Amino acid sequence: MNVQDILSAQVNEAVKNIFDVDLETVEFQPTRKDFEGDITLVTFPMLRQIKTSPVKLGEAIGQYLVENNKDISKFNVVQGFLNIVLADQFYLDFFGSMKDNTSFGKTPEGEQSIMVEYSSPNTNKPLHLGHVRNNLLGYSVAEILKASGKKVYKTQIINDRGIHICKSMLAWQRFGNDETPETSGLKGDKLVGNYYVKFDKAYKEEVSYLLAQGKTEEEAKAEAPILKDAQEMLRKWEAGDKEVVELWKTMNQWVYNGFEETYQKLGVDFDKNYYESDTYLLGKNVVAEGLEKEVFYRKDDGSVWIDLTADGLDEKIVLRSDGTAVYMTQDIGTAIQRVKDFHINGMVYTVGNEQDYHFKVLFLILKKLGYDWADNLYHLSYGMVDLPTGKMKSREGTVVDADDLIDEMNATARKISEELGKLDGYSAAEKDELYHIIGLGALKYYILKVDPRKRILFNPEESVDFQGNTGPFIQYTYARIQSILRKAEFDYSQPILAYNLNDKEKELIKQLQLYPETILLAAENHSPALIANYTYELVKVFNSFYQNVTILGTEDETEKKFRVQLSKAVGDVIKSSFELLGIQVPERM
RNA sequence: GGUCGCGUAGCUCAGUUGGAUAGAGCAUCUGCCUUCUAAGCAGACGGUCAGAGGUUCGAAUCCUCUCGCGAUCACCA
């Protein structure tokens, strides 16, 4: 039971005793900085039930609380706000209970299990900044859900089939001269991506040739021979043509190797990969079931639809007239398959907001089909990452490549670190590792601190900041704390039972208290941004403490021990919260 | 056109049960390295919370309308 619940009960009691009224609501909020107090009772809403002035009511309740609760040392009333001051002992007790708790803030794993899907790339081109946002969000939300007591499985569905990969394959056959990642020294995904661009170039040339021949644009685009060949290749693939399937396997493997390298650099991972080549036929039997249950209906041409106009949506196709599956069919089938595979009660889909409509429809269909877990599906919908020049487009080469971006961040971290020159005694390898931690920390924090729903405008010219509300700022604070702990060569483990807290210390403990509820809130909202902002607040308060209060230099032994303990606890929470964001923290920087 | 999302300081963003004088960082300007790491601290400057109505003791927050930006409404995925 937290303070608020206890106080709430006591306020009810007070009002019952003094005014003989049963309160409907008791509202608290943190006390504003300009007033003395820790927690504030808002008395306005009570005035509906109690006919008196807000000030008199506040005074009466305050008086009662001070007399009946040992944790409350004093109070003051400003207008309708009863500011309550909690005793130092209350904070010391809390601090004593959390300081050595290595899983402070986290909820033990319970019954609920959930699958988080993220990344889900196509295999015809390398990962770019948009995927980076997706990966960071998905990974972090998975970690946050774990910390809130869920069993979590991370997955990606790899879009390994379709016309797009055939385009790369065809271009490689035509123009590749048997180039491989080994012979070219190129990362596999980059190599395959190059051929996707080459296909597009050749295709455009053919289209303009056909246009010059007098074809309409529509005709030219549909009739370009190279496109026809790619479509033919897809047909062969679907028919299981040996040669095509071999090439497909080879080139996809190059891409997977390349992706794996990028994932490793990014520090994300998956418990299970689903491949579209395995799942694209799933869902057709569900369509048959849905037809029986009359959730779906068949049109004259044989195509199958669902009518969602009563739900404010449109009619949506779930099976083509030729009996083949569409995107929706596949997603229905895959969802059901995953529940079978992992016995999960819910799923989170990390997919851009351009697919809001698709997921709204998908979830609704699954609900109409009668799956009880359909209520626990969540589309983690995030805004696009745009460049100052507009949208990123792979085919036009206006993308920020994930690998390049990571390298640039590392280089910036290196440059700043070298200028500051604080790393005496570190080997070259240790330094490189540190630059990666800092560079990636800057990038991850930059992306995760903003509300997922918002679009991000990324300007490659202006590099990501390393000062202020940034990853490195928080990492730096962590490193400072570790430096103090290294220097504190005495036993500071004994709990401090009595101590007079100063303002900075008290503020720090208050901020530590917020960590558990912040995790729960972040999990509920699927928002790493809440964790990022919480950590930033904590770090700001600590830096103010650090700069204004002597820690190791103080004479008083109790004071010294307490301050070291407090610093350590803050460091532990920084590390813990940054783990939820997938960001590492350095011992020095 | 229908639907969904967004609009807060010059820029990037917080502001989640409606609460007190709307907060940070960057940028600009002042101070602070002889004491635990200055990627820091202390401070100044900066606001029509897109606009207009409404609900309420009280609205950046809830409702309605308007404007702006984006997405989406494919037998593509």
Side-chain angles (χ1 to χ4, degrees), chain A residues 25 27-29 31-35 40 42-45 47-48 54 78-81 83 120 122 159 161-164 276 280 299 301-305 312-322 324-328 330-331 352-358 360-361 381 383-384 386 391 413 416-417 419-420 422 438 442 446 449-451 453-457 459 462 465-477 479-488 521 524-525 527 529-530 532-533 536-537 539-540 543-554 563-564 567 588-589:
Chain A
T25 56
E27 265 186 50
F28 290 98
Q29 59 183 293
T31 305
R32 283 185 71 100
K33 285 215 172 74
D34 334 311
F35 301 94
T40 294
V42 187
T43 62
F44 292 110
L47 295 173
R48 278 188 214 112
V78 181
Q79 298 168 38
F81 300 94
N83 300 319
S120 303
N122 290 352
N159 201 346
R161 65 166 283 280
I163 191 72
H164 51 83
E276 213 187 82
Y280 80 108
K299 284 193 178 174
D301 63 4
S303 56
V304 179
W305 297 72
L313 303 170
D314 301 283
E315 293 187 328
K316 192 82 189 172
I317 189 161
V318 292
L319 205 63
R320 291 195 190 100
S321 52
D322 63 4
T324 56
V326 292
Y327 180 37
M328 188 63 74
Q330 192 188 132
D331 267 8
N353 63 9
E354 64 211 350
Q355 293 196 39
D356 283 355
Y357 184 74
H358 173 77
K360 211 183 258 185
V361 172
S381 160
M384 296 289 102
D386 291 330
K391 271 186 107 164
I416 294 173
S417 292
E419 278 166 14
L420 293 171
K422 296 181 190 176
I438 298 171
Y446 175 84
K449 76 172 177 183
V450 319
D451 187 321
R453 280 171 304 182
K454 291 191 175 173
R455 277 195 301 158
I456 289 184
L457 186 70
N459 190 342
E462 299 167 18
D465 278 336
F466 283 67
Q467 279 167 6
N469 186 2
T470 66
F473 167 70
I474 293 167
Q475 291 172 320
Y476 174 70
T477 304
R480 270 178 154 181
I481 292 172
Q482 300 318 302
S483 170
I484 286 181
L485 299 181
R486 281 193 295 272
K487 288 182 178 161
L521 199 63
E524 238 173 81
N525 291 284
S527 175
L530 297 178
N533 287 312
Y536 176 59
E537 283 303 318
V539 162
K540 264 205 309 188
N543 275 323
S544 178
F545 163 77
Y546 177 90
Q547 212 90 3
N548 292 291
V549 176
T550 310
I551 299 170
L552 296 173
T554 180
R563 288 176 183 168
V564 173
S567 302
R588 285 175 59 182
M589 70 184 271

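Order of the sequence lines fixes the chain letters, A, B, ..., with proteins taken first and strands second; residue numbering starts at 1 for each chain. In this text, all values refer to a predicted model and were calculated from it rather than measured experimentally.
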Inset, instruction - Assign A:Y446 to base, sugar-phosphate, or nothing according to its heavy-atom contacts below 4.0 angstrom with the strands shown. - result: nothing

Legend entry - Side-chain donor/acceptor of A:T470 to base of B:A39, under 3.5 Å: no

Inset, instruction - Could you check whether A:S417 gets within reach of a base, just the sugar-phosphate, or nothing at all, counting any heavy atom under 4.0 Å? - result: base

Inset, instruction - Compare the minimum distances between each of B:C4, B:C6, B:A77 and the side chain of A:K454, then state the nucleotide with the smallest one. - result: B:C6

Legend entry - First encountered from the 5' end of RNA chain B, between A:V450 and A:Y546: A:V450

Legend entry - Phosphate OP1/OP2 of B:C36 contacted by A:R563 side-chain N/O (<4.0 Å): no

Legend entry - Whole angstrom value for the distance that separates C1' of B:U16 from CD of A:Q29: 14 Å

Legend entry - Under 3.5 Å: donor-acceptor pair, side chain of A:S544, backbone of A:K540: no

Inset, instruction - Indicate, with a heavy-atom threshold strictly under 4.0 Å, whether A:E354 touches base, sugar-phosphate, or nothing. - result: sugar-phosphate

Inset, instruction - Please state the P separation for the pair B:G46 and B:C4 - nearest whole angstrom. - result: 40 Å

Inset, instruction - Determine yes or no for a side-chain-to-main-chain donor-acceptor pair under 3.5 angstrom, with A:S483 supplying the side chain and A:A479 the backbone. - result: no

Inset, instruction - Could you say whether the aromatic ring of A:F81 and the base of B:A20 stack, counting only centre distances under 5.5 Å and plane angles under 30°? - result: yes

Inset, instruction - Indicate yes or no: does A:R453 engage A:D451 in a salt bridge with an N to O separation below 4.0 Å. - result: yes

Inset, instruction - Spell out yes or no: do the side chain of A:N525 and the base of B:U16 have one donor N/O and one acceptor N/O closer than 3.5 Å? - result: yes

Inset, instruction - For A:S303 and A:K299, indicate whether the former's side chain and the latter's backbone hold a donor-acceptor pair under 3.5 Å. - result: no

Inset, instruction - Starting at atom CE of A:M384, determine the distance to atom C1' of B:U72, rounded to an integer number of angstrom. - result: 12 Å

Inset, instruction - Establish, with yes or no, whether the OP1 or OP2 oxygen of B:G23 is under 4.0 angstrom from a side-chain nitrogen or oxygen of A:K540. - result: no

Inset, instruction - State whether the side chain of A:K316 and the backbone N or O of A:M328 hold a donor-acceptor pair below 3.5 Å, judged by distance alone. - result: no

Inset, instruction - Classify the nucleic acid contact of A:T40 as base, sugar-phosphate or nothing, counting any heavy atom under 4.0 Å across all strands shown. - result: base

Inset, instruction - Return no unless some side-chain N or O of A:R453 is found under 4.0 Å from OP1 or OP2 of B:C6. - result: yes

Inset, instruction - Report which part of the nucleic acid A:F44 touches: base, sugar-phosphate, or nothing (heavy-atom distance under 4.0 Å, all strands). - result: base

Inset, instruction - Would you state whether a donor and an acceptor, one from the side chain of A:Q547 and one from the base of B:G40, lie under 3.5 Å apart? - result: yes

Legend entry - Comparing A:F466 and A:D322 on RNA chain B - which has the more 5′ nearest nucleotide: A:F466

Legend entry - OP1 or OP2 of B:A77 under 4.0 Å from side-chain N/O of A:Y327: no

Legend entry - hbond_proxy A:D331 side chain to B:A77 base (donor-acceptor, 3.5 Å cutoff): no

Legend entry - Which nucleotides of RNA chain B pair, in dot-bracket form (Watson-Crick or G-U under 3.5 Å, | meaning another strand): (((((((..((((.....[...)))).(((((.......))))).....(((((..]....))))))))))))....

Legend entry - B:C41 OP1/OP2 closer than 4.0 Å to side-chain N/O of A:R480: no

Legend entry - Whole-Å P distance, B:G54 and B:U72: 37 Å

